[in-house]
Amino acid sequence: QVQLVESGGGLVQAGGSLRLSCAASVINFSNTPMGWYRQTPGKQRELVAAISGGGSTNYAHSVEGRFTISRINAENTVYLQMNNLQPEDTAVYYCNILRAPTYWGQGTQVTVSS
């Protein structure tokens with residue numbers, strides 16, 4: 001069973017920052033690429049940041065330079081540092097594996113006001 005618990009969301013003004021955390025119960029976590037996804041009503045869930053087991057990262061163009069994904073393998077935890085947040089970043093954020101994710105956590109709501 002895969003268990004994912006996201007936390008750290010909240011309400012911030014444009015230009016503010018948040019740090020999201022993901023506690024991931026995933027087999028072979030240290031060698032499993034992980035990602036942060038977000039979803040807004042009526043839209044498909046989209047991948048915004050990814051990180052390999054070794055720490056190599058990739059970002060969606062919309063968040064490049066503003067978001068930073070990281071992980072601490074010994075703690076089975078993935079983080080997303082979100083800086084210079086904009087209203088378009090408002091969404092529910094989820095963490096999950098990159099390859100064929102099936103189980104999803106509750107996510108954490110991020111709301112950015114203008």
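Small disclaimer: the values here were computed from a predicted structure and weren't measured. For this chain, numbers begin at 1 and follow the sequence in order.
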What's the shortest heavy-atom distance between Pro101 and Tyr37, and which atoms? CG-OH, 4.0 Å
Which heavy atom in Ser17 sits nearest to a heavy atom in Asn83, and how many Å separate them? OG-OD1, 3.0 Å
Please list all pairs passing the salt bridge (Lys or Arg N to Asp or Glu O under 4.0 Å) test where one or both residues lie in residues 60-84, with sequence neighbours left out. Arg66-Asp89
Does Thr32 use its side chain to pair, donor to acceptor, with the backbone of Asn28 at less than 3.5 Å? yes
Which Ile, Leu, Val, Met, Phe, Trp or Tyr residues join Ile72 in one cluster when any pair of side-chain heavy atoms under 4.5 Å counts as a link? Tyr79
Ignoring hydrogens, what is the shortest heavy-atom contact between Leu18 and Leu85? Give both atom names and the distance. N-CD1, 3.9 Å
Val112-Tyr59 co-clustered via ILVMFWY side chain contacts under 4.5 Å: yes
Considering all heavy atoms, the nearest Val63-Val48 contact: CG2-O, 3.3 Å
Is the distance between the ring centroids of Trp36 and Phe67 less than 6.0 Å? no
Over all heavy atoms of both residues, which pair between Gln86 and Ala14 is shortest? Give the atoms and the distance, please. OE1-CB, 4.5 Å
Donor-acceptor contact below 3.5 Å, side chain Asn58 vs main chain Ala49: no
Flag, side chain of Thr40 to backbone of Lys43, donor-acceptor distance under 3.5 Å: no
Any side-chain heavy-atom pair of Met34 and Ile97 under 4.5 Å: yes
Are there more than 12 heavy atoms of other residues, nucleotides or ligands under 6.0 Å from atom CD of Gln106? no
Among Glu6, Arg38, Gln109, which residue satisfies the side chain to side chain contact (heavy atoms under 4.5 Å, CB included) criterion with Tyr93? Arg38
Does any non-hydrogen side-chain atom of Thr108 lie less than 4.5 Å from one of Leu20? yes
If every non-hydrogen atom of Leu4 is compared with every non-hydrogen atom of Tyr103, which pair is closest and at what distance? CD1-O, 3.5 Å
Check the hydrophobic clustering (I, L, V, M, F, W, Y; side-chain heavy atoms under 4.5 Å; chains of links allowed) and say if Val5 and Leu80 are grouped together. no
For Thr111, is there any backbone N or O sitting under 3.5 Å from a side-chain donor or acceptor partner on Thr90? no
